[in-house]
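Report on the following structure.
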Amino acid sequence: MDPNYDPQKIESKWQTRWAEQRLFEAEAEPGRKKYYVLEMLPYPSGELHMGHVRNYIIGDALARYMWMKGYNVLHPIGWDAFGLPAENAAIKHQRHPSEWTSSNIETMHAQLKRLGVSYDWRREIATCQPEYYRWNQWFFLKMYELGLAYRKKSRVNWCPLCSTVLANEQVVNGCCWRHEDTPVVERELEQWFLRITAYADRLLEDMRALVRWPERVLAMQENWIGKSTGAYVEFGINAGDESLRIFTTRIDTIYGCTAVFIAPEHPLVPKLVARSQSPERLQVEVERIKASAVRARLEVNLEKQGADTGFTARNPFNGESVPIWLANFVLMEYGTGAVMAVPAHDQRDFEFCQAFGLPIRTVIVPQNGEAPAELKAAYTESGKNGKLINSAPYDGLTPEDAMARMTADAEAKGFGQRTIQFRIKDWGVSRQRYWGTPIPMVYCDTDGIVPVPEKDLPVLLPPQVRLTGEGESPLASVPEFVNTTCPRCGGPARRETDTMDTFVDSSWYFYRYTDNKIATAPINQDAVKYWFPVDQYIGGIEQAILHLIYMRFFTKVMQRIGLVDFSEPVARLFTQGMVIKDGAKMSKNRGNVVSPDEICAKYGADTARLYTLFAGPPEKDLDWSDTAIEGASRFLHRVYRQVARYAGRMAGVQSGPALSERKLNTAQLRPDERRLLRKVHQTLRHVTEDMEERWHFNTDIAMIMELSNEFADLQAAADQGQIRPEVVKSCLEHLLVMLSLFAPHVADELWEATGHSQPLLRSAWPAHDQELAAEDELEIPVQVNGKLRGRIRVAVGASEEEIRRRARADSGVGQHLNGREVVRVIVVPQKLVNIVIK
RNA sequence: GCGGACGUGGCGAAAUGGUAGACGCAAGGGACUUAAAAUCCCUUGGGGGAAACCCUGUGCGGGUUCGAGUCCCGCCGUCCGCACCA
C-alpha cells in the first residue's frame with residue numbers, strides 16, 4: 001500500500017468500488033428489518049454548502065451504522081427542483097429554468113458523490129419532472145373532490161420582488177422569507193387554497209404521538225396552530241337589527257366590559273358609517289385606523305389608535321350599553337374581528353382605555369384581596385387564585401368556574417356559544433410564476449371551474465415561455481397553453497395560469513423514493529407499507545413550521561383517501577444546528593462561505609466529514625474554523641500511518657471468525673494486551689451506545705482518538721512482541737469499523753490493507769465485550785466533607801470494608817481528618833468515598 | 001407578553017448528582033533537520049509554593065444533598081420561534 005495518505009486517490013477509488021458493488025442499493029424485503037433514513041431534499045441552487053454537508057453526513061453516519069447492524073437501509077436523495085431562483089436566473093442569463101436547474105443538479109449531484117454519501121442513486125427524483133409533478137396535480141384534484149382545495153378571493157401577501165403571492169408561513173416579520181428586507185404588500189386576488197385548517201385539531205392532537213420529535217419543533221407547531229378555547233357572545237347594537245358577535249377566551253370577565261372594539265375592515269363598519277350622523281367624518285376615521293392597522297405595521301409596539309363610532313352595543317349578561325370603538329389592534333382575520341374590551345383584565349384593553357379615557361371596572365380580584373383603588377396594569381389571573389366581584393350572580397366564583405358556568409348560561413339563553421379558534425390559516429398555494437406545477441383547473445364560460453380529468457394528467461408546463469419577472473403569471477402569455485376545451489362541455493375554455501407553491505412538491509416526495517418509477521399511482525403502496533414510517537428524518541430547524549407541518553397535513557389527507565394507513569409519516573426527527581462562520585450564518589452576501597469543493601480538494605471528503613462531526617454535537621450550531629479542521633486532517637494521517645505500519649504484517653495474521661464473534665481469552669492476555677483491548681472495548685461500548693440514542697458524534701470521535709493515542713503509547717510494546725499480532729489486529733480492526741462511520745473512505749482503504757476483501761459496510765457491527773471493557777483496578781477519589789483529599793487504587797472487586805479502611809489510611813486524607821470526629825463515611829461502589837467529619 | 005434552548009479555559013468542547021475542563025484547536029518550550037515543513041515529546045483555568053501540595057474556579061443570589069456544572073426557587077444575560085391572536 002501507499003505509505004502516504006492520499007485522500008483524493010483513496011476517495012475516488014472507493015467511490016467507484018462502492019458504486020460497482022451497488023453497496024447502498026436497497027430493495028424491499030418483507031420480513032427483513034428495515035430502516036429508513038431521510039434527509040431533507042435540497043433545492044438545486046447551484047452548489048452544495050456546508051449546511052447540506054452537515055445534514056447529509058449525519059444521515060450517512062447513521063445509515064452506515066444501521067447497515068452494519070444488519071438493517072435493510074433506505075437512504076435516498078432527490079431535488080426540490082421547482083422554484084423561483086431558477087426563474088430569476090433564467091431572466092438574468094436568458095437560460096431556460098429547466099436548463100439552469102438541471103445543470104445545478106448535475107453539479108450538486110457530483111458534489112454529493114465526491115463526499116461519498118451512501119445514497120441509493122437509483123431512487124433519485126427531481127420534482128420538476130412531469131412524472132413527478134403530475135402527481136402533485138393528482139393530489140390537487142383529490143383535494144378538490146374532497147372540498148379541501150378551493151378558490152376564493154382574498155387579501156393575500158404579495159412580494160413585489162418575487163412578483164408572487166406568499167403563504168402566511170412564508171411571511172417573516174412582515175417581509176418575504178426570501179427577501180428579508182422587502183415588506184410584503186397586500187393584494188386582493190382570486191387564489192387557490194388548501195384547507196389545512198380542517199386538520200388543525202388533528203395536527204395538534206397527533207403531536208402527542210411524536211414523542212421522538214424535538215420539543216422545540218413541537219412547541220413551534222403548537223404555537224403556529226394556536227388553538228384557543230373560548231366563546232362567541234352576541235352583543236345587540238343600536239343600529240338596526242344587526243348584532244355584533246365577539247370572540248373571547250375570558251367570558252368570566254364580561255361584567256368588566258366597558259366597550260366593544262372592532263377592526264376597521266369589519267363588515268359592519270360600512271353599515272355604521274351609512275347610519276352615522278356624520279358619515280364623512282366617521283369614514284375618515286375608518287381610513288385613518290385602517291392605515292395604522294396591525295397588518296401594515298412593521299414595528300412590534302404599534303401605538304394604539306382608535307375612534308368612537310358613536311354607536312353602542314348591549315352586553316347580554318348585564319344589559320349594559322357600551323360604546324363601539326374602531327381599534328387598530330383588532331385583527332379581522334382572527335376570531336370575529338370584534339372583541340369586548342375589559343380594561344381591568346386585559347393589558348391591551350387597559351392601555352387603550354387609559355389612552356382614550358374609557359372607564360375601567362375591576363371584576364376579578366385575588367382570592368383574599370379587594371379591588372384596588374387604582375390599577376397600574378391589567379390583572380390577568382384566570383385560574384383558581386382569583387374571585388369574581390361586581391358580576392351579579394357569579395360573584396365569589398373563581399374565574400375558572402365562572403367561565404364554565406357563564407358559557408353554559410349564554411348557550412342556554414341563546415346569546416353565546418362555546419367555540420374553539422385556531423390561528424393557523426388555510427394554505428394559499430397559487431403562485432403567479434412559471435417554474436412550478438400547473439394547477440390542473442379549467443375555466444369555462446358555461447361550466448365555471450372544471451377540474452382537468454385525471455386521465456389528462458399531467459398538465460405539462462409549456463417549454464416556450466417569455467419570462468420577464470413582471471406582470472402576472474407568465475403562463476398567461478402562452479396562448480397554446482391557456483386556450484383549451486372544457487372537459488365537461490367541449491366548448492372553449494381557459495386554463496388556470498398559476499402554478500403551485502413548491503412546498504406542495506416537498507409534502508410527499510419521501511413516499512416517492514420507495515418507488516420512483518411507478519406510473520399508475522403517486523405511490524407504490526406495497527413499497528410504502530414496507531419502508532414506512534421514516535425512521536429518522538434529519539434537517540434544519542428552519543423547516544420546523546413550513547415543510548414539517550405541510551408534510552404532516554399531506555399524510556393525513558393521504559390516509560383519508562386510503563393511500564396509507566397511518567397519519568404521521570416520520571417517527572423520529574432530528575434538527576441539526578446551523579453552520580456559522582465568524583459569528584454569522586454562512587452566506588454569499590457576507591462572504592463567509594466555505595465551499596465543500598475547496599475543502600475536499602485541500603483535505604479530502606473524510607476530513608471534511610470528520611471535522612464537521614467532531615466540532616460539536618450535531619444539534620448545536622457549528623462555528624466553522626479553518627484551523628481546527630487541520631486537527632481532523634492530522635488525525636486521519638496519523639491513523640493511516642499507524643495502520644500502514646502494521647498492514648503488511650496483518651495480512652497474514654489469522655482473522656478467524658467474524659470480528660463480532662471473535663473472542664480473545666482474557667486470562668491469557670498479557671498486561672499491555674489487556675490494557676489495549678480494554679480501551680478498544682470501552683470505545684466500542686461508548687460509540688455503540690451513542691449511535692443508538694444520543695448522537696454526540698463529537699464524543700465518539702474523541703474516544704476513537706483516545707484509542708489511537710493509546711495504541712501509539714503501546715507501539716513500542718507491540719514492536720517488541722509484548723502485544724501479539726492478533727491483538728494488534730483486533731485493535732486496529734475495531735478502530736477502523738468505528739472510524740468508517742465518520743471517515744468511510746480511508747477506513748475501507750485501511751481495512752483492505754489489513755487483508756479484507758469486502759468493504760466495511762458488509763461487516764457486522766461488533767458487540768463490545770463487557771469482560772474486556774472492565775477495569776481490574778480502579779482509582780477512587782476520596783473526599784473529606786465533599787472536597788477531594790486523596791486517591792486510592794483498589795481492585796475492582798474490593799469490598800466496601802476494604803475501601804473504607806484504605807480511604808482512612810490515605811495520607812492526604814489523614815491530614816484533613818486531623819483527629820476530628822468522623823460522622824459518616826459514604827462509599828459509592830466503583831466511584832468515590834466521602835468522609836464526613838465534624 | 002407567550003413558548004423553547006442556552007450560559008464551563010484564549011477557542012470548539014467534555015462530564016448516568018460523584019476526581020470539572022476528556023478530545024481537539026491555538027499558544028509556549030524542546031527533539032529531529034544545514035534550514036524549513038511534516039513528525040515526535042513536554043507545558044498550558046486563575047492565584048500561591050523550591051517542591052510535596054494548598055487555595056480558588058462552571059453567569060449571579062439562595063435552597064436540597066454526605067456531595068451540585070448537573071436538581072429546585074429567584075434574578076441577570078444570549079439565541080430562536082410566535083406575537084396587540086382577544
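Chain letters run A, B, ... following the sequence lines, proteins first, then strands; residues in each count from 1.
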How many whole angstroms separate atom [atom1] of [X] from atom [atom2] of [N]?
| X | N | atom1 | atom2 | answer |
| --- | --- | --- | --- | --- |
| A/F635 | B/G24 | CZ | C1' | 11 Å |
| A/I246 | B/A86 | CD1 | P | 12 Å |
| A/E619 | B/G4 | CD | C1' | 14 Å |
| A/D700 | B/C23 | CG | P | 16 Å |
| A/I701 | B/G12 | CD1 | C1' | 13 Å |
| A/R793 | B/U19 | CZ | P | 16 Å |
| A/Q642 | B/U39 | CD | P | 13 Å |
| A/L832 | B/A68 | CG | P | 12 Å |

Between [Y] and [X], is there a side-chain donor-acceptor contact under 3.5 Å, judged purely by atom types and distance?
| X | Y | value |
| --- | --- | --- |
| A/H768 | A/T688 | no |
| A/Q783 | A/R789 | no |
| A/Q642 | A/Q715 | no |

Checklist entry - Below 3.5 Å, does any donor atom in the side chain of A/K304 face an acceptor in the base of B/C84, or the other way round? => result yes
Next on the checklist: With a 3.5 Å cut-off and heavy atoms only, can you find an N or O donor on one side and an acceptor on the other between the side chain of A/N834 and the base of B/C66?
Outcome noted: yes
Using a 4.0 Å heavy-atom cut-off across all strands, classify [X] as base, sugar-phosphate, or nothing.
| X | answer |
| --- | --- |
| A/V836 | sugar-phosphate |
| A/P617 | sugar-phosphate |
| A/H686 | nothing |
| A/D623 | nothing |
| A/E779 | base |
| A/R634 | sugar-phosphate |
| A/T627 | sugar-phosphate |
| A/N785 | nothing |
| A/G631 | sugar-phosphate |

Rounding to the closest angstrom, what is the interatomic distance between [N] and [M] at atom [atom1]?
| N | M | atom1 | answer |
| --- | --- | --- | --- |
| B/A15 | B/U78 | C1' | 23 Å |
| B/A14 | B/G24 | C1' | 11 Å |
| B/C42 | B/A35 | C1' | 24 Å |

Would you tell me if any nitrogen or oxygen in the side chain of [X] comes within less than 4.0 Å of OP1 or OP2 on [N]?
| X | N | result |
| --- | --- | --- |
| A/T699 | B/A13 | no |
| A/N709 | B/G24 | yes |
| A/R216 | B/C82 | no |
| A/R423 | B/A86 | no |

Checklist entry - Taking it one step at a time, do A/F261 and A/F329 satisfy ring pair (Phe, Tyr, Trp, His ring centres under 6.0 Å)? => result CA-CA 9 Å; A/F261 297 154; A/F329 69 90; 5.7 Å; yes
Next on the checklist: Is it the case that the ring center of A/H681 lies less than 6.0 angstrom away from the ring center of A/H734?
Outcome noted: yes
Checklist entry - Is it true that A/F415 and A/F317 have ring centroids separated by less than 6.0 Å? => result yes
Item to check | Axial cation check for A/W213 ring with A/R208, 6.0 Å and 45° limits | outcome: no
Next on the checklist: With syn defined as a glycosidic angle within 90° of 0 and anti as the rest, where does B/G57 land?
Outcome noted: anti
